[in-house]
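Just below is one structure, and these are the notes that go with it.
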Amino acid sequence: MKQIIVLGGGYGGVLTAKKLANRLRKRRDVSITLIDRKPFHTLLTELHEVAAGRVEEDSIKIDLKKIFSGFRNVNVVLDHIGDIDFDARTLQGQKQTYTYDYLVIGTGSKPTFFGIPGADEHALTLWSYEDAVRLKEHVGHMFRSAIKEYDPQARKEMLTFVVVGGGFTGVEMIGELAEYTQELCKEFHVDPEEVSLHVADMMDRILPILPQPLINKAEKRLRKMGVQISTGAKITEVKARGVTVGGEDIASRTVIWTAGVEGADLVGELDVEQKGRRRILTNDKLQVPAHENVYVVGDNIFYIPEGATNPVPQMVENAELAAPVIAHNIASEFLNTKKKTYRPTFHGTMVCIGSRYGVANVGLPGKMFKLSGLPAMAVKHLINMVYLFQVCGFNKVYHYLLHEFVHVRNNRSFLGGHFAKRSPNFWLVPLRLLAGWMWFKQGWDKMFKIFDDPGHIFLIPAQAADGVSGASVSGGAADAVSAASAHTETALSALPVPDFVQSIVDWSMGLMFFNADGSFNALAYIFQAAMVGAELIVGLLLIAGLFTAPAAVVSVGMGAMVWISGMAPYEMLWYMAAGIALIGGSGSMFGLDYYVYPWLKRVWRRLPLVRRWYIYTD
């Protein structure tokens with residue numbers, strides 16, 4: 001039995017093991033083992049969302065055994081590997097020693113502090129699931145402590161947050177913090193002006209890998225969110241209560257370090273050629289030159305592709321592109337195929353700044369597109385879902401959508417709260433639009449009948465010879481909504497009306513709409529025009545999702561009026577049923593109610609009488 005060991009359950013390790021398992025699924029003489037210290041795969045690119053309380057903690061974890069539950073030829077082992085003997089082809093773990101024929105090293109990276117005094121001791125990091133949870137708890141603790149603190153200097157330190165590092169992780173973290181602290185200010189009744197947010201980097205600009213126009217947009221967005229940006233400023237010391245940036249001290253009890261990474265400790269101790277910050281030098285097949293049965297994936301790769309001047313970047317796409325090449329090259333030993341050369345084609349980069357804005361430079365070499373705002377956020381979510389589908393199929397994509405858009409807190413999504421679970425009305429949107437269109441169409445058609453003959457009354461049954469209104473119309477056809485005009489020879493039967501209701505309606509119509517000689521009076525013409533106007537207005541309100549609940553109530557009322565007149569076709573039941581379903585309010589989903597009602601509530605609560613008598617809801 002040939003033993004293939006994949007060391008590390010990160011992006012590169014998981015994808016390599018899956019692709020190897022697929023390629024060698026028919027080989028019974030091959031065993032694949034994935035070893036990691038933790039039982040779950042962490043979505044490192046989403047750590048900031050947990051750290052700033054945007055999504056649930058478990059949203060960035062995927063159980064490794066769940067990922068490989070459908071693969072009989074993959075074993076998941078939890079152990080900590082302390083040493084690798086390349087000559088003996090063994091890995092020394094805390095639990096046991098493992099023997100391999102082929103090894104894939106994907107142990108990932110860890111934060112590096114560049115020897116800056118105090119950084120390792122006092123700064124918070126964001127490079128693991130535990131880091132994200134710890135950071136979220138810490139930020140909440142700072143607010144809870146600040147509201148009990150009477151010393152202004154101590155309170156200021158608690159409400160000052162500094163992110164060191166202006167790369168993708170740092171910018172995403174400070175963007176999320178800008179939103180999160182606003183929510184915490186509301187929760188703990190803290191004046192937002194007391195909160196101070198900083199991002200600092202020694203380079204002369206943030207997000208240096210992006211084109212300058214996108215950098216400018218990112219900086220503009222951050223400043224709009226209240227973030228102070230310090231670039232070209234050397235970070236010389238991190239203290240228990242602050243950080244020194246450009247020779248000036250920023251007093252803070254929350255310094256978050258995102259300034260760089262280096263290879264994991266194990267990689268630094270291996271007897272292999274390394275470049276950069278603990279990255280293993282590989283050949284074009286992603287093999288360690290001195291040990292061709294050992295491959296490297298993800299952040300641990302140091303490889304300069306042909307024609308390039310820099311090594312492949314330490315980013316997720318590098319792991320996604322390297323994994324299939326490594327899987328192919330190892331499988332070629334068993335399938336007698338030719339090995340592939342690693343020729344990565346990167347498709348760009350993107351960064352989100354809070355939950356509603358992002359910048360992205362994506363496309364193909366020579367044809368990149370600069371995106372910002374909602375399009376950039378849409379691309380980011382799409383790319384995340386593509387990766388998650390590779391790892392855990394529909395299951396994880398479905399739960400990703402739930403966490404990002406349905407279980408979203410405080411509407412912190414680039415779609416706002418339209419899909420939020422607290423207002424699950426999106427299933428009613430098609431019904432709302434259809435009902436609105438049908439009411440509007442009926443009103444539109446009747447309006448032209450009035451224009452053609454203003455003296456023609458067709459929404460009120462003509463008075464019969466016995467002095468009461470007739471319950472049928474000539475020709476036997478009913479109008480689709482009001483059932484008040486005859487326009488086809490094949491008539492729909494009217495909904496039955498109880499006799500006592502019919503008698504009341506006949507009496508009231510005779511009282512209101514007819515003169516002594518049986519002709520229509522002025523009120524009849526006003527009523528007809530009002531009904532047509534109501535159909536138009538209700539239709540437009542439903543389509544726009546504005547005051548949806550009142551419009552739905554009116555639509556039910558109009559349907560009931562047509563019914564008791566004795567002139568309603570059976571399809572009027574559909575109108576009334578749709579109106580009842582829409583009373584719950586589907587305008588909060590892709591409708592103006594989503595914007596108008598919160599504004600009206602704010603205006604209403606400011607009225608003196610309302611405030612005095614608490615005539616409002618929270």
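Atom set for the values below is all heavy atoms of this structure, side chains included, hydrogens, waters and symmetry mates excluded.
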Item to check | Flag, side chain of Asn300 to backbone of Thr107, donor-acceptor distance under 3.5 Å | outcome: yes
Next on the checklist: Between Tyr342 and Asn318, do the side chains contain a donor N or O and an acceptor N or O under 3.5 Å apart?
Outcome noted: yes
Checklist entry - Is any side-chain heavy atom of Phe143 less than 4.5 Å from a side-chain heavy atom of Val195? => result yes
Checklist entry - Given side chains that start at C-beta, do those of Ile4 and Ile330 come closer than 4.5 Å, heavy atoms only? => result yes
Item to check | Any donor-acceptor pair under 3.5 Å from Asp201 side chain to Thr231 backbone | outcome: no
Next on the checklist: Does Glu194 form a side-chain contact (heavy atoms from CB on, under 4.5 Å) with Asp191? I'd like the steps, not just the answer.
Outcome noted: CA-CA 6 Å; Glu194 291 189 74; Asp191 184 350; 3.9 Å; yes
Checklist entry - Salt bridge between Lys156 and Asp151, side-chain N to carboxylate O under 4.0 Å? => result no
Checklist entry - Relative to the ring of Phe114, is the ring of Trp257 parallel (under 30°), tilted (30 to 60°) or perpendicular (over 60°)? => result tilted
Next on the checklist: Leu402 vs His399, test: side-chain contact (heavy atoms from CB on, under 4.5 Å). Steps then yes/no.
Outcome noted: CA-CA 5 Å; Leu402 288 182; His399 286 285; 4.0 Å; yes
Next on the checklist: Walk me through whether Tyr98 and Val77 qualify under side-chain contact (heavy atoms from CB on, under 4.5 Å).
Outcome noted: CA-CA 11 Å; Tyr98 305 89; Val77 173; 3.4 Å; yes
Item to check | Under 3.5 Å donor-acceptor, Asp284 side chain and Thr341 backbone | outcome: no
Checklist entry - Any side-chain donor paired with an acceptor under 3.5 Å for Thr254 and His138? => result yes
Next on the checklist: Classify the ring geometry of Phe405 against Phe414: parallel below 30°, tilted from 30° to 60°, perpendicular beyond 60°.
Outcome noted: perpendicular
Next on the checklist: Looking at Glu193, I want to see if its CD is surrounded by more than 12 non-hydrogen atoms of other residues, nucleotides or ligands under 6.0 Å.
Outcome noted: no
Checklist entry - Do Glu56 and Arg409 meet the salt-bridge criterion of a basic N to acidic O distance under 4.0 Å? => result yes
Next on the checklist: Between Glu262 and Arg279, does any side-chain N to carboxylate O distance fall below 4.0 Å?
Outcome noted: no
Checklist entry - Within the side chain of Lys396, is there an N or O that forms a donor-acceptor pair under 3.5 Å with the backbone of Ile67? => result no
Checklist entry - Is it true that atom CD of Glu306 has more than 12 heavy atoms of other residues, nucleotides or ligands lying nearer than 6.0 Å? => result no
Checklist entry - Would you say Lys18's side chain and Val391's backbone share a donor-acceptor pair under 3.5 angstrom? => result yes
Checklist entry - Is the shortest distance from a Lys or Arg side-chain nitrogen in Asp265 or Lys110 to a carboxylate oxygen in the other one below 4.0 Å? => result yes
Checklist entry - Should we say atom CG of Asp271 is surrounded by more than 12 heavy atoms from elsewhere, each under 6.0 Å from it? => result no
Checklist entry - Hey, does Leu321 have a side-chain heavy atom less than 4.5 Å from the side chain of Phe346? => result yes
Checklist entry - Is the closest basic N to carboxylate O distance between Lys239 and Asp249 below 4.0 Å? => result yes
Checklist entry - Under 3.5 Å, is there a donor-acceptor pair between the side chain of Arg223 and the main chain of Gln228? => result no
Item to check | Pair Gln212, Arg205: side-chain N/O donor-acceptor within cut-off below 3.5 Å | outcome: yes
Item to check | Criterion side-chain hydrogen bond (donor to acceptor under 3.5 Å, both in side chains) on Asn410 and Lys186, from CA distance to verdict | outcome: CA-CA 11 Å; Asn410 302 308; Lys186 296 175 185 177; over 6 Å; no
Checklist entry - Distance-only, no hydrogens or angles: does the Gln390 side chain make a donor-acceptor pair with backbone N or O of Leu15 under 3.5 Å? => result no
Next on the checklist: If we count only N and O atoms by modelled type, under 3.5 Å, do the side chains of Tyr100 and Gln3 hold a donor and an acceptor together?
Outcome noted: no
Checklist entry - Hey, does His198 have a side-chain heavy atom less than 4.5 Å from the side chain of Phe161? => result no
Next on the checklist: Could you walk me through whether Ile35 and Ile5 satisfy the side-chain contact (heavy atoms from CB on, under 4.5 Å) test, starting with their C-alpha distance in whole Å, then the side-chain angles of each, then the deciding distance to 0.1 Å, before giving a yes or no?
Outcome noted: CA-CA 7 Å; Ile35 303 176; Ile5 292 182; 3.8 Å; yes
Checklist entry - Hey, are Glu49 and Arg54 close enough for a salt bridge, meaning a charged N less than 4.0 Å from a carboxylate O? => result yes
Checklist entry - Taking the side chain from Ser59 and the backbone from Val55, do they hold a donor-acceptor pair closer than 3.5 Å? => result no
Next on the checklist: Looking only at side-chain N and O atoms, does Tyr11 offer a donor or acceptor that is under 3.5 Å from a partner on His41?
Outcome noted: no
Next on the checklist: Once you measure the plane-to-plane angle for His403 and His407, does it fall in the parallel (<30°), tilted (30-60°) or perpendicular (>60°) bin?
Outcome noted: perpendicular
Item to check | Any donor-acceptor pair under 3.5 Å from Arg356 side chain to Asn411 backbone | outcome: yes
Item to check | More than 12 heavy atoms from other groups under 6.0 Å of CZ on Phe389 | outcome: no
Next on the checklist: Within 45 degrees of the ring normal and closer than 6.0 Å to the centroid, is that where the cationic atom of Lys61 sits relative to Tyr129?
Outcome noted: yes
Checklist entry - Hey, does Val139 have a side-chain heavy atom less than 4.5 Å from the side chain of Tyr180? => result yes
Checklist entry - Can you list the steps and then say if Lys380 with Glu404 is a salt bridge (Lys or Arg N to Asp or Glu O under 4.0 Å)? => result CA-CA 12 Å; Lys380 178 183 183 298; Glu404 293 288 342; 5.9 Å; no
Checklist entry - Counting distance only, does the side-chain N/O of Asn361 pair as donor-acceptor with the main-chain N or O of Gly348 below 3.5 Å? => result no
Checklist entry - Is it the case that Thr90 and Asp85 place a side-chain donor and acceptor less than 3.5 Å from each other? => result no
Next on the checklist: I'd like to know if the side chain of Glu179 pairs up with that of Ser355 as donor and acceptor (distance under 3.5 Å, no hydrogens or angles considered).
Outcome noted: yes
Item to check | Whether over 12 other heavy atoms sit under 6.0 Å from Lys224 NZ | outcome: no
Item to check | Side-chain ion pair, Lys339 and Glu333, N-O less than 4.0 Å | outcome: yes
Checklist entry - Side chains of His347 and Thr345: do they bring a donor and an acceptor to under 3.5 Å? => result no
